[in-house]
Amino acid sequence: MRLVILITGSVLQADTLCLLLSASEVCAMSSDVLVIGAGLSGLVAATEACDAGATVTILDQESEANLGGQAYWSFGGLFLVDSPEQRRMGVRDSLELARRDWWGSAQFEDHDHLPRQWAEAYLEFASGPKRAWLHDMGVRFFPIVGWAERGDGTAHGHGNSVPRFHITWGTGPGVLAPFVARAKDHIRAGRLRVLFRHRVNELVVEGGKVTGASGAVLAEDTAARGIPSSREQVGDFTLRADAVIVTSGGIGGNHDMVRAQWPPRLGSPPQTMLTGVPAYVDGSMMPIAQDAGAHILNPDRMWHYVEGIGNWDPVWPQHGIRILPGPSSLWIDARGNRLPDPAFPGFDTMATLRHLRGTGHDYSWFILNRRIIEKEFALSGSEQNPDLTGKSVRQLAGRLGSGAPAPVEAFLRHGEDFLQGESVEELVSRMNALTATCPNVGDHAELDPADVAELIAERDAQVDNPFAKDRQIQAIHAARGYLGDKIMRAVPPHRLTDPEAGPLIAVRLRVLTRKTLGGLHTDLQGRVLRGVGAVGAGGVGAAGVGADGAGVGGVGVGGVGAVGAGPVGGEAPVVEGLFAAGEAAGFGGGGMHGHNALEGTFLGGCLFSGRIAGRAAAG
């Protein structure tokens, strides 16, 4: 049998390089380093290993169209500390302040020995060489720094004390571009090869050391990026390497696994959820790594958004988009109760998720008006921000003018979750009609128009002065004290029912799956620690793997056991020859974020852990 292995092509914007290999030749191939997953962390690890003089093979079960994995779809936000962009915006930041914020958010536990060390190392990277490293590769940033996860209102608790969310010029594809370019150079030099449509089913272990991987060659598939691909098997392969790096991503595309690992501290898992990642992000590499002796730490730590909306033009099943909200929308639960402090838009994702899971319903509502949506609504994702993704200054200037950004306007026209009304009564009537006729959002709750009108009136009574007792109105005033928010993200406080700001708008919100905060337990070189004992009750079924979480089906709903019976601190044995990076490793150490994230740290964690693992694996 002859196999055509596509190395580069349309995604790489370069001459197509093909290897024509027989099945026996594929089985015989070896390299110094084998990287499983062609997402961002995989590309970083591979190119860093090549730079160190190693020969590298990347495997991915998806086609070349999916090169870059989840990072391609991202907004491209990166966490930086004391950057030139911050200083130009009048923001005073420091490593000490960032460390206080991180530790207050992470809420590390006693067993988080290595996650703590990874967090400290990452903070030093984010406040030191990270920006210069990326800048030297051509990465540039939008000049206005975003203020994500503004926190729980305490100096010692969760949240960013200052804006740190740096949007990459070019969004997710802009983050990927330099590593794709470096990969092309290494391919041409003969140091790197990429084998798409290769699904790993097993890590080869000999004498206690991981020496390669084996699996299935899948039929060629021309499906576009993000669309589920064929699982037809046309051959087998075995590849050998001195070191194997797992960069296979998280579990967000596998709702059964998300529910199985859902922690009791967040309440009950939703019956219905939207999916913020392609279907191949299903956690299928985790049981394969465990079979080779790997330890998984903190599998019940996860990061899912509460501002999810159904994509009116979906790419993958149950495709959802996250709203990146400014501070002004009124947030109510399914029964019409206003969410409490600190559950304001953009402040504390986990606290809001925990609160909403206690309401017994799978949805909540933003109530706002046209003036607010035009300035305060942004949508996460490269495809939802064509101006930033396309690096178009002309399109970007439109954000400063009147009217909503075109992608937001499209959701207003076509999105199933967006409603408008000239009065509170009309709006609430449409809200009730929507939830009564949509079975995919959980139990229906009837809203009382009079109660909602009173909530709005209470809120509106607070806006006539430059001060207020309402915590959310105070937060709006505080946001406008930051120049970046005043320019682009926060409208002056005004009445929601102001006729000149209308019409009224309601947006139904659902839980959107996104990130895994725990993962393969790694030391500071990215080496995977060995587990002691069995996986928790239920286990995980075997399956394949690909770009930052590829592999569909076969994952048992029992999930991975809680912290697991593995090493928790001090010196611990490693699985010789096995490394991990990116989301598969909890972005470092099996969970460097702890229980919360400060945002901009997921892509950054892939960059940092991929860089470390690639260099270490190359020796």
Could you go through His186 and Asp51, starting from their C-alpha distance and side-chain angles, then the distance that decides it, and tell me whether this counts as side chain to side chain donor-acceptor pair (under 3.5 Å)? CA-CA 8 Å; His186 287 304; Asp51 285 351; 2.7 Å; yes
With distance as the sole criterion, is a donor-acceptor pair present between the side chains of Gln261 and Asp300 under 3.5 Å? no
Measuring from atom NE2 of His595 to atom CG of Asp112, what distance do you get when rounded to the nearest 0.5 angstrom? 6.5 Å
Backbone of Gly267 reached by a side-chain donor or acceptor of Trp262 within 3.5 Å: yes
Can you tell me how far apart CG (Leu203) and CD (Gln290) are? Round to the nearest 0.5 Å. 11.5 Å
Using only atom types and a distance under 3.5 Å, with no angle test, would you say the side chain of Thr211 pairs donor to acceptor with the backbone of Val205? no
Is Ser41 reaching over with its side chain to a backbone N or O of Gly610, donor-acceptor style, under 3.5 angstrom? no
So do the side chains of Leu176 and Tyr72 get within less than 4.5 Å of each other, counting heavy atoms only? yes
Measure from the side-chain N and O atoms of Thr389 to the backbone N and O of Ser382, and report whether any donor-acceptor pair falls under 3.5 Å. yes
Are Phe196 and Leu67 packed together at the side-chain level, in the sense that at least one heavy-atom pair is separated by less than 4.5 angstrom? yes
Atom CZ of Arg140: over 12 foreign heavy atoms under 6.0 Å: yes
So, for Phe608 and Trp118, is the gap between ring centers shorter than 6.0 Å? yes
Main-chain N/O of Ala616 paired to Gln525 side chain as donor or acceptor, under 3.5 Å: no
Show your reasoning for whether ring pair (Phe, Tyr, Trp, His ring centres under 6.0 Å) applies to His593 and Trp102. CA-CA 8 Å; His593 293 92; Trp102 195 289; 5.5 Å; yes
Can you find a pair of side-chain heavy atoms, one from Gln70 and one from Val281, that are under 4.5 Å apart? yes
Does a side-chain heavy-atom distance below 4.5 Å link Arg131 with Glu85? yes
Cation-pi check for Trp133 against Arg611: NZ or CZ below 6.0 Å from the six-membered ring centre and within 45 degrees of the axis, yes or no? yes
Aromatic centroids of Trp103 and His156 separated by under 6.0 Å: no
Side-chain (Thr513) to main-chain (His304) donor-acceptor, under 3.5 angstrom: no
What verdict does the side chain to side chain donor-acceptor pair (under 3.5 Å) test give for Ser94 and Asp82, after you've listed the backbone C-alpha separation in whole Å, the side-chain angles of each residue and the deciding distance to 0.1 Å? CA-CA 6 Å; Ser94 67; Asp82 192 26; over 6 Å; no
Check whether the ring centres of Phe602 and Phe587 lie less than 6.0 Å apart, and answer yes or no. yes
Establish, from distance only, whether the side-chain atoms of Arg225 and Ser63 form a donor-acceptor pair under 3.5 Å. no
Just by distance, do the side chain of Asp93 and the backbone of Val81 share a donor-acceptor pair under 3.5 Å? no
Calculate, to the nearest 0.5 Å, the distance between atoms CG and NE2 belonging to Asp60 and His198 respectively. 11.0 Å
Going through the distances and angles, do Glu62 and Arg231 end up as a salt bridge (Lys or Arg N to Asp or Glu O under 4.0 Å)? CA-CA 10 Å; Glu62 297 303 318; Arg231 293 296 175 260; 3.0 Å; yes
Cationic tip of Arg514 above Tyr305 ring, under 6.0 Å, 45° of axis: no
When rounded to the nearest 0.5 Å, the distance separating CZ of Phe347 from CZ of Arg150 is 5.5 Å
Can you confirm whether the side chains of His166 and Ser83 place a donor and an acceptor under 3.5 Å from each other? yes
Quick one: do the Ser31 and Thr55 side chains pair a donor with an acceptor below 3.5 Å? no
Nearest 0.5 Å, what's the CD-CZ distance between Glu109 and Arg116? 9.0 Å
Heavy-atom count check: over 12 atoms from other residues, nucleotides or ligands less than 6.0 Å from Phe179 CZ? yes
Let me see the working for Phe75 and Asn385 under side-chain contact (heavy atoms from CB on, under 4.5 Å), right down to the final yes or no. CA-CA 8 Å; Phe75 195 31; Asn385 294 275; 3.4 Å; yes
Trace of the salt bridge (Lys or Arg N to Asp or Glu O under 4.0 Å) decision for Arg182 with Glu48: CA-CA 9 Å; Arg182 287 170 61 188; Glu48 290 291 314; 2.9 Å; yes
In this structure, CG of Leu114 is separated from NE2 of His521 (nearest 0.5 Å) by 4.5 Å
Trace of the side-chain contact (heavy atoms from CB on, under 4.5 Å) decision for Trp316 with Trp73: CA-CA 12 Å; Trp316 53 79; Trp73 298 99; 3.7 Å; yes
Compare all side-chain heavy atoms of His255 with those of Thr275 and state whether any distance is below 4.5 angstrom. yes
Quick one, Phe79 with Leu603, criterion side-chain contact (heavy atoms from CB on, under 4.5 Å). Give me CA distance, side-chain angles, the key distance, then yes/no. CA-CA 9 Å; Phe79 178 95; Leu603 290 179; over 6 Å; no
Could you check whether His158 and Glu149, counting side-chain N and O atoms only, form a donor-acceptor pair closer than 3.5 Å? yes
Quick one, Val200 with Ser214, criterion side-chain contact (heavy atoms from CB on, under 4.5 Å). Give me CA distance, side-chain angles, the key distance, then yes/no. CA-CA 6 Å; Val200 172; Ser214 63; over 6 Å; no
Distance alone, cut at 3.5 Å: any donor-acceptor contact between the side chains of Asn298 and His111? yes
Please check this pair: side chain of Ser105 against backbone of Gly159, looking for a donor-acceptor N/O pair closer than 3.5 Å. yes
